[in-house]
Amino acid sequence: MTALAEPQSGAHLPPLPVTRVAYPAPLDVTGWQTPAGRDREREAADAETLARQNLEWSLFERAHALSVRHASAAWERRFRRPLVPYALAALFRQRTADGMVVTAATRLWLAGPEPSDPVDLLSALVALARGRDRGQPWDVRTAVANRHDVPDDAVYTGLALSSLDTRTGTFAEACAAARSELHIPGTILYLAGDPAVQGGQRALVADRRGADGHNALTISSHEALSTPVILSRWPYTRVALPLLYERSGYGRVLRQMTELDGEIHAADEQRRGVPSWRRGR
């Protein structure tokens, strides 16, 4: 018998058992998605990002409007019941059928014998908020603001401050050289507590020039405007939060705004009936 016909080693052994593993169908694999599912998820994330960016720009635009209107009112009343060169707005957001709408509760101060430094003005409001009856709702719209357009179901979002004393001079000096309210410059500050970002805040300082400065607008922002710079409605520069405090010249003001922002957040959640275990989330 040739070697080819000889029995081979193991030729008559019983076949080894084959272990069959049941693999789940592709749709059952954890984390696996169809291309259509990935597209829907990406579209939802993009829509959420766009909505957040639009809200941030809407907040800034309302703060910018505060600065412009403050300049106009202060110019008009500079000889009759003059205003101090600072104004404050508590900004609120409300979801509507047309998207997110920003409203504001604003406070202007009459010039008088009391100090008109922004730190003193904000410190007084912090003391007022901290002295509230914690067992009763406290509403910034009536306790602080002179006027507001904020509906009851709106949610407090952050603080804006307008200063007509700027890096180039005081409001009085600007009035001496201006021909109309269009020539009055201003500085815009925005601050909001936000545990989702580094440093726990969204903050910006913007310099608004008057007509003789071509209405230029320079924004220094820490996480307050997330739109890519090339697509932004106005040019802005991202600045680290410590630098924004140290080099803007408004560090003490921003610190007082931080204190007031925290108090208003807590009071507004209580006003809207947010359970205590959910507050600050």
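Index from 1, following the sequence.
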Interatomic distance, CZ@R78 vs CD@E76, rounded to 0.5 Å, equals 9.5 Å
Which pair of non-hydrogen atoms, one from T106 and one from A89, has the smallest distance, and what is that distance? CG2-CB, 3.8 Å
In this structure, CZ of R272 is separated from CG of D139 (nearest 0.5 Å) by 11.5 Å
So do R52 and L55 actually touch side chain to side chain, heavy atoms under 4.5 Å? no
For the residue pair Y236 and S220, establish whether any side-chain heavy-atom pair is separated by less than 4.5 Å. no
Checking D153 against Q94: is there a side-chain donor and acceptor pair closer than 3.5 Å? yes
Which heavy atom of S180 sits nearest to which heavy atom of W75, and what is that distance? CA-CZ2, 3.6 Å
For residues W109 and L164: do they belong to one hydrophobic cluster (side chain heavy atoms under 4.5 Å, members Ile, Leu, Val, Met, Phe, Trp, Tyr)? no
Nearest heavy-atom neighbours spanning Y156 and D268: N-OD2, 3.0 Å
Please check if any side-chain donor atom of R208 sits under 3.5 Å from a side-chain acceptor atom of S67, or the reverse. yes
Minimum-distance pair of heavy atoms, taken over all atoms of S221 and L204: CA-CB, 3.9 Å
Sidechain-backbone polar pair: R77 side chain, P82 backbone, donor-acceptor under 3.5 Å: no
Any side-chain heavy-atom pair from V102 and F92 closer than 4.5 angstrom? no
So for atom CZ, which belongs to R130, do other residues, nucleotides or ligands contribute more than 12 heavy atoms lying within a distance under 6.0 Å? yes
With side-chain contact (heavy atoms from CB on, under 4.5 Å) as the criterion, how do D194 and R202 come out once you've worked through the C-alpha distance, each side chain's angles and the decisive distance to 0.1 Å? CA-CA 6 Å; D194 188 345; R202 292 180 179 274; 2.6 Å; yes
According to the interplanar angle, ranging from 0 to 90°, do the rings of W234 and W57 count as parallel (below 30°), tilted (30 to 60°) or perpendicular (above 60°)? tilted
For the residue pair Q201 and T258, establish whether any side-chain heavy-atom pair is separated by less than 4.5 Å. yes
Exam field: side chain H148 to backbone V150, donor-acceptor pair closer than 3.5 Å: yes
Do V140 and V101 land in one hydrophobic cluster if side-chain heavy atoms of ILVMFWY residues count as linked below 4.5 Å? no
Quick one, L159 and M257 - any side-chain contact, counting heavy atoms below 4.5 Å? yes
Got a donor-acceptor contact below 3.5 angstrom from the D261 side chain to the G193 backbone? yes
For the side chain of Q136 and the backbone of D133, is there at least one donor-acceptor N/O pair under 3.5 Å apart? no
Are any of the side-chain heavy atoms of T187 and V205 separated by less than 4.5 Å? yes
Rounded to the nearest 0.5 Å, what separation is found between the CZ atom of R95 and the CE atom of M100? 3.5 Å
Kindly write out the residues that satisfy side-chain hydrogen bond (donor to acceptor under 3.5 Å, both in side chains) with R179, not counting sequence neighbours, or none if the list is empty. H183
Under the rule for side-chain contact (heavy atoms from CB on, under 4.5 Å), what residues qualify as partners of N215, not counting sequence neighbours? A211
Donor + acceptor pair across side chains of T168, R209 (<3.5 Å): yes
Apart from L83 itself, residues in the same hydrophobic cluster as defined by side-chain heavy atoms under 4.5 Å: L108, L110
Pair R93, T157 - check side-chain hydrogen bond (donor to acceptor under 3.5 Å, both in side chains), show working. CA-CA 6 Å; R93 68 184 186 273; T157 304; 3.0 Å; yes
Looking only at non-hydrogen atoms, find the nearest pair between S248 and L254 and report the distance. OG-CD1, 4.4 Å
With sequence neighbours excluded, residues passing side-chain hydrogen bond (donor to acceptor under 3.5 Å, both in side chains) with R167: D207
So, are R255 and E259 salt-bridged, with charged N and O less than 4.0 Å apart? no
Worked verdict on R62 versus L59 for side-chain contact (heavy atoms from CB on, under 4.5 Å): CA-CA 5 Å; R62 192 62 193 254; L59 290 164; 5.9 Å; no
From F60 atom CZ to L225 atom CG, the distance as rounded to the nearest 0.5 Å: 7.0 Å
Side-chain polar contacts of residues 119-127 - donor-acceptor pairs under 3.5 angstrom, sequence neighbours left out - could you list them?
residue: S123; atom: OG; partner: V119; partner atom: O; Å: 2.7
residue: S123; atom: OG; partner: Q256; partner atom: OE1; Å: 3.2

Please say yes or no: joined through hydrophobic side-chain contacts below 4.5 Å, possibly via intermediate residues, are L128 and L161 part of one cluster? yes
Starting from L66 and following side-chain heavy-atom contacts under 4.5 Å between hydrophobic residues (I, L, V, M, F, W, Y), which residues can be reached? none
Are side-chain N/O atoms of D165 and Y86 paired as donor and acceptor at under 3.5 Å? yes
Any carboxylate oxygen within less than 4.0 angstrom of a Lys/Arg side-chain nitrogen, looking at E263 and R134? yes
State whether the side chain of R132 and the backbone N or O of A129 hold a donor-acceptor pair below 3.5 Å, judged by distance alone. yes
Side-chain contact, heavy-atom cut-off 4.5 Å: I184 with C175? yes
If I take atom OH from residue Y250 and atom CG from residue L191, how far apart are they, to the nearest 0.5 angstrom? 14.5 Å
Provide the closest heavy-atom pair for Y190 versus G158 in the form atom of the first, atom of the second, distance. OH-CA, 3.9 Å
Side-chain touch R147/R107, heavy atoms, less than 4.5 angstrom: no
S162 OG to L189 CG distance, which is reported to the nearest 0.5 Å: 9.0 Å
Sidechain N-carboxylate O distance under 4.0 Å for D149, R141: no
